[in-house]
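These notes concern the structure reproduced below.
The sequence lines fix the lettering, A, B, ..., with proteins before strands; numbering per chain opens at 1.
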Amino acid sequence: MTPSGLSSASSTSTSAPASALLPHSPLPLPRDFYDRDTLQVARDLLGCQLVRLHQGKLMIAQIVETEAYRGSEDSACHAHRRKTPRTEAMFGPPGHAYVYLVYGMHWLLNVVTQPEGNPCAVLIRAVEPVEGEDAMRALRNAKGRQLCNGPGKLTRALRVDKALYGHDMTRSEQLWITQAAAPAVIASGPRVGIDYAQPADRDAPWRLWHEGNPWVSRAR
DNA sequence: GTGAAGATCGCC
DNA sequence: GCGATCTTCACG
């Protein structure tokens, strides 16, 4: 991993973030990692690797874009109003998958955060393929389009759907996340597709992404 | 039971 | 810019 041209904005020192120097851990992030402030988890998930084991094939992709959904206080969060069958997983313990269908056709993947009973989650919005790209492509359209630069696209590429609803992502089975190098520059802005939310929530900069990474979704 | 809307995407 | 597509939830 080279320092590359991205001399981080601040010129205070040449030292990289500690996390960038740590060796990649193949173990799933522990529950404690998710049992924290949702925005912090959303930030720390950038650069981590999403690992998917499906039908004997291993797929690995680096998380480059996330969004924080902050429970009952957040009018953009599905759990804002009340507990329903769909949002049940968000009310459960951290580290589990909250998967749901939007627009009748796209599965979206979230990881539950904060202590049980506080219905928060981080939406994985975009990933960069690292390994198993063949398996990711198998199902896809031709045209050489990017596979994973959007929340609905990455679930299709990684074969994530209802079957993984509530899945415990702290175990190395089917779907989990491992620590890797944090991105050099993190940018933030309003979350996408939540015009229905109240202004304060709609405008909150709770969408985070790896600045400059070509796999970040194009906001609409 | 019914209807309206949706944390998106790809093509027109 | 628009339609696809179907589950979920509010309402009655």
Side-chain angles (χ1 to χ4, degrees), chain A residues 34 37-43 45-46 50 61 63-92 94 96-114 118-129 136-167 169 175 177 187-210 214-220:
Chain A
Y34 301 104
D37 174 76
T38 306
L39 188 58
Q40 191 61 51
V41 174
R43 180 173 289 266
L45 279 174
L46 295 175
L50 183 62
I63 297 170
V64 300
E65 181 181 348
T66 58
E67 279 178 0
Y69 285 87
R70 311 182 80 174
S72 51
E73 309 276 302
D74 177 5
S75 63
C77 182
H78 288 162
H80 172 55
R81 296 205 169 194
R82 78 197 75 229
K83 184 175 177 178
T84 66
R86 180 179 64 154
T87 60
E88 191 176 356
M90 260 197 290
F91 287 81
H96 289 254
Y98 166 49
V99 179
Y100 71 96
L101 187 68
V102 268
Y103 300 111
M105 55 186 80
H106 303 293
W107 294 100
L108 267 57
L109 171 65
N110 299 251
V111 193
V112 176
T113 60
Q114 309 266 181
N118 187 355
C120 302
V122 172
L123 169 67
I124 310 298
R125 279 195 60 87
V127 297
E128 173 178 351
M136 299 181 202
R137 280 193 197 288
L139 183 68
R140 299 299 308 194
N141 52 33
K143 290 209 169 184
R145 286 183 175 281
Q146 284 184 297
L147 302 167
C148 306
N149 62 334
K153 296 167 79 174
L154 73 90
T155 55
R156 182 164 182 195
L158 298 177
R159 314 298 203 278
V160 172
D161 61 19
K162 188 78 173 178
L164 287 169
Y165 183 90
H167 173 73
M169 296 178 69
L175 181 69
I177 300 175
S188 65
R191 293 169 292 180
V192 180
I194 55 161
D195 288 344
Y196 57 84
Q198 300 192 344
D201 297 323
R202 190 189 53 204
D203 301 336
W206 295 344
R207 172 185 176 224
L208 305 171
W209 65 90
H210 178 177
W215 290 87
V216 169
S217 72
R218 36 182 287 197
R220 311 207 174 195

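A:A197 comes within 4.0 angstrom of nothing in the nucleic acid, heavy atoms only. Residue contacts for A:I194: at a heavy-atom cut-off of 4.0 Å it reaches the sugar-phosphate backbone alone, with no base atom in range.
Rounded to an integer number of Å, the gap from NZ of A:K153 to C1' of B:dG10 is 9 Å. Spacing between atom CH2 of A:W107 and atom P of C:dT5 amounts to 16 Å, rounded to whole angstrom units. In this structure, CD of A:Q146 is placed 17 Å from P of B:dT8, rounded to the nearest angstrom. Across the protein-nucleic acid pair, A:R156 atom CZ and C:dT5 atom P stand 13 Å apart, rounded to whole Å. For the pair A:R191 CZ and B:dT8 P, the interatomic distance rounds to 12 Å; values are reported in whole Å. When the P atom of B:dT8 is taken as reference, atom CD1 of A:I124 falls 14 Å away, rounded to whole Å. Taking atom CZ on A:R218 and atom P on B:dG10, their separation rounds to 10 Å, with Å as the unit. Per the geometry, CE belonging to A:M105 stands 17 Å off P belonging to B:dA5, to the nearest Å.
With a 3.5 Å ceiling on both atom-pair distances, C:dT5 lacks any Watson-Crick or G-U wobble partner. Applying the Watson-Crick and G-U wobble criteria (two distances, each under 3.5 Å), B:dA7 pairs with nothing in any strand.
Salt bridge present: A:E65 and A:R207 bring a charged side-chain N and a carboxylate O closer than 4.0 Å.
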Below 3.5 Å is the cut-off: list the nitrogen or oxygen pairs between protein and nucleotides 8-11 of chain C, distance only.
unit_1 : atom_1 : unit_2 : atom_2 : d
C:dC9  : OP1    : A:T84  : OG1    : 2.1
C:dA10 : OP1    : A:R82  : NE     : 3.3

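Under 3.5 Å, the side chains of A:Q146 and A:N149 contain a donor-acceptor pair of N or O atoms.
Because its NZ or CZ atom is both nearer than 6.0 Å to the ring centre of A:Y69 and within 45° of the ring axis, A:R191 counts as a cation-pi partner of that residue. In this structure, A:R125 is not positioned above the aromatic face of A:W209 in the sense of NZ or CZ being under 6.0 Å from the six-membered ring centre and within 45° of the axis.
Listed for the A:H167 side chain is no donor-acceptor partner under 3.5 Å among the backbone atoms of A:H96.
For A:H106 against B:dA7, a side-chain-to-base donor-acceptor contact under 3.5 Å is absent. A donor N or O paired with an acceptor N or O is found under 3.5 Å between the base of B:dA7 and the side-chain atoms of A:Y100.
Here A:Y100 and A:H78 bring their ring centres to under 6.0 angstrom of each other.
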Quick one: side chains of residues 192-203 of chain A, donor-acceptor pairs under 3.5 Å with protein atoms, not counting sequence neighbours, listed by atom name and distance.
unit_1 : atom_1 : unit_2 : atom_2 : d
A:Y196 : OH     : A:A76  : O      : 2.9
A:D201 : OD2    : A:S75  : N      : 2.9
A:D201 : OD2    : A:S75  : OG     : 2.6

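Between A:Y196 and the phosphate of B:dA7, there is a side-chain N or O to OP1/OP2 separation shorter than 4.0 Å.
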